[in-house]
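One structure is given below, encoded as structure tokens.
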Amino acid sequence: MRARASGEPIPGEAENETPAATPGARPRRRPRAFGLRTRLVLAFLLVAAVGCGTTAALTYRAARNAILEQTQDIAVSHFREQVQTVQVGLPVDRTVLQDAVRRIARQGKPRPWRVFAEYGTLRVSSTTSPTSTVITPALRRSALGAPHGSFQRVVSAGKPWLTVALPIVFTPGEQSGGTRPTGLVLYAVMELDVEEVSIRAMVTAARDGVLPALAVALIPALLAARSVLRPVRDLRRAARRMGEGRLDTRIQVKGGDELAELAQTFNESAAELERSVVELRQAEARARRFASDVSHELRTPLAGMLAVTEVLDEDAAGLDPDTAAAVRLISAETGKLAVLVEDLMEISRFDARAAVLHTDEVDVAETIRRTLLSRRWTEPAQIVTDLPDGIRARLDPRRFDVVIANLVGNALRHGRPPVTVRLSTEFRADDASTWLVTEVADRGPGIQPEALPHVFDRFYKADQARTRSAGSGLGLAITLENVRLHGGTVRAMNDPGGGAVFVVEMPVTAGPEEGA
Amino acid sequence: MRRLRGVLAPAVLLLTATGCGIQQTDVVEAGGGATVTVIPPGSERMLLFLVDREGRVLPVARSTSDPLVHWDTGPSSGSGTETAGTTDETEAPGGSGSEAGLEKTRTKAGKALVVLSIGPTDAERDAGLDSRLPGTGRSPLTIVEQGTKGGRAWIRTSMPVRELEGTAVQQVVCTVAYAENPTAPPEVVLGGPDGQLPAARCE
């Protein structure tokens, strides 16, 4: 309500989502570098990437090992089967061995082998070279050392090979009994090119699978970010509206998660706040109404008292001196009380926003002169005026009269004459309007610096020791309210040359308060 | 950021540990050796043990039906199946009972040992096999005494045994053991003119 009255942004604009509606007011809407959305999406993608990567890696490893193990098992068992069909003499005959090696090589499974044989100094193979470059000394040592079959995968010249070594044993006895190595060792060598192609295909498949998975993960990431961000955005908007004074703002509560709880709490707090504010306002209104009522109630008896004191004043001359003094004191105090009550009622009207401007186009210099004249402040020793003619303004003559009278009266009471009243106009570029500047200065001691911020407060005493003031104590407060009503300002300051200066600035055309 | 690194580090580690393509391996043992049929078959062969270039004691199988072919090529004189016995009689240093010696040389072990002492054939030499017995090729040894006692094969020959190197002892032990019982070769106690060696098994 206050916001609306003081001309701040129209509340309807707060709901408008386009940033152009409130230019420069909020530098938001820009995507932040590491905002909640980015962080959530990145976290989702990271989790998805780690998940996909781990799964792919483990699957890949298991599948690769399965492929290789199968190939190895087939190769080893089939090689053994083939070798066991061989018949040899001892020592092994080169020609017999050559034939056997060639035959075994052809029978190779899953693919033809290259078979190498070693016996003593004899080296025979199914290829053109009698020895292999792929078979490692470690495999050979293992085969010669113990009568166990063994295999080894070797990467030679960038190609993977499977090498199998099989020491040949025989039964020295009649079928049964232990075996004894013959000294003959057969090696089978097979390139693992087919297996490598299969494994590479798995790597490609895993890689091609991860990218779509990440893309798919982006969707829940964005959804989750949205579900978090929307309540947060609502909350921020509501909080801003509350800050703008719209205490009836509430958030729509959706779902039952933590954010919904937060919104619920926000709503409860807002309701509580609204209730407190309403209570406060009601209390304040009651207090003001009380002051206003008291003033009103006092007015009627005061009017009677004033009439009586006037009569008594006239008769005072006929009374004995003590009684006359008492009667005059009562009369003076009653007059002050009447002024105080009038001022109180005026202030109450301002507080109740019942004060209304009745503007009229007037010659300001003439208005001020009339004010001074009516108060009989005309002696040059008392009042010095600098009032250029021809300054016309639209203002409430009665209220302006009160302003000038209060300021001049104040200067005469608390400062020292001569009091200077100076009138001028000022053109302000920022809102392209002309302002009326009225200055009231005295030659007194000026205002205490610590009292400066409070001179317009109600019942403020610059000198605490002086409990009794000549005025009601409301004069400057009423001045301030009147100037404000015109859309202007009043300032108090000390002239460096000595004395207090009050400056009233009002727009030449009465302010936007008109008609409020 | 530290949290992020904590998550990423194991993932990267896992990926690098898994690796791509086919990796090398160490030698992996896979079952026993391959059993083949050696010809001639068990009943028609005599197993002798020779040494290859790498010092391993390896068997060779000679046909029992055709021992003369080899024996004739040997440098020693004499002929027929009794060559070993004859040699034994003529060259026995101690002049012990020739009847008994002859009897003993007729056992499988004795024969095999005598044949072994004559040395490898050309085919065996071609394959890189050789004998480490001293005096090979010049004079076959003679069997002085031979028998079985307590599950062990005892044999005493004309060959000094103290100076024999380990592979040579193994040659003799294996030859004797497999000649005695190819299914379950017994321990062998080898003796010579200079004493006797502790019981040994064919490794």
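The sequence lines fix the lettering, A, B, ..., with proteins before strands; numbering per chain opens at 1.
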> With a 4.5 angstrom heavy-atom cut-off, which part of A:P160 approaches chain B: side chain, backbone, both or neither?
Replying inline: side chain

>> I want to check something: taking the side chain as every heavy atom from C-beta on, are B:E29 and A:F151 in contact at a cut-off of under 4.5 Å?
In response: no

>> Between A:Q152 (side chain only) and B:T25 (backbone N and O only), is there a donor and an acceptor less than 3.5 Å apart?
In response: yes

> Quick one: which residues of residues 85-95 of chain A reach chain B at under 4.5 angstrom, heavy atoms only?
Replying inline: A:V86, A:Q87, A:V88, A:G89, A:L90, A:P91

> Near B:R45 CZ, under 6.0 Å, is it more than 12 heavy atoms from other residues, nucleotides or ligands?
Replying inline: yes

> So which heavy atom on B:G33 is nearest to which on A:V169, and how close?
Replying inline: C-CG2, 4.4 Å

> So what's closer than 4.5 Å to chain B heavy atoms on A:L144: side chain, backbone, both or neither?
Replying inline: both

> With no hydrogens and no angle check, is any side-chain donor or acceptor of A:T121 less than 3.5 Å from a backbone partner on B:A127?
Replying inline: yes

> If you measure from CG on B:D26 to OG on A:S150, what distance do you get to the nearest 0.5 Å?
Replying inline: 11.5 Å

> Under a 4.5 Å heavy-atom cut-off, does chain B meet the side chain of A:E195, its backbone, both or neither?
Replying inline: both

> chain A heavy atoms under 4.5 Å from B:N181: which part of the residue, side chain, backbone, both or neither?
Replying inline: neither

>> Within the supplied structure, the quantity of interest is the number of heavy atoms (other residues, nucleotides, ligands) at a distance under 6.0 Å from B:D122 CG; does it exceed 12?
In response: no

> Is there a side-chain contact between B:C202 and A:R180 (heavy atoms, below 4.5 Å)?
Replying inline: yes

> Non-hydrogen atoms of chain B under 4.5 Å away: do they reach the side chain of A:L68, the backbone, both or neither?
Replying inline: side chain

> How close do B:G32 and A:L166 get, heavy atom to heavy atom, and via which atoms?
Replying inline: O-CD1, 4.0 Å

> Does any non-hydrogen side-chain atom of A:R153 lie less than 4.5 Å from one of B:I22?
Replying inline: yes

> Which one of B:A184, B:G128, B:P182, B:P185 has the most heavy-atom pairs closer than 4.5 Å to chain A?
Replying inline: B:P182

> What heavy-atom pair brings A:F170 and B:V36 nearest, and what distance separates the two atoms?
Replying inline: CB-O, 3.8 Å

> In terms of heavy-atom pairs under 4.5 Å with chain B, which of A:P167, A:A165, A:A49, A:A43 leads?
Replying inline: A:P167

>> Strictly less than 4.5 Å between heavy atoms, which residues of residues 48-59 of chain B line up against chain A? Please order them by number.
In response: B:F49, B:R53, B:E54, B:R56, B:V57, B:L58, B:P59

>> Is B:I39 close to chain A through its backbone or its side chain, or both, or neither, when contacts mean heavy atoms under 4.5 Å?
In response: both

> Under a 4.5 Å heavy-atom cutoff, which of A:Q72, A:Q84, A:E196 has the most pairs with chain B?
Replying inline: A:Q84

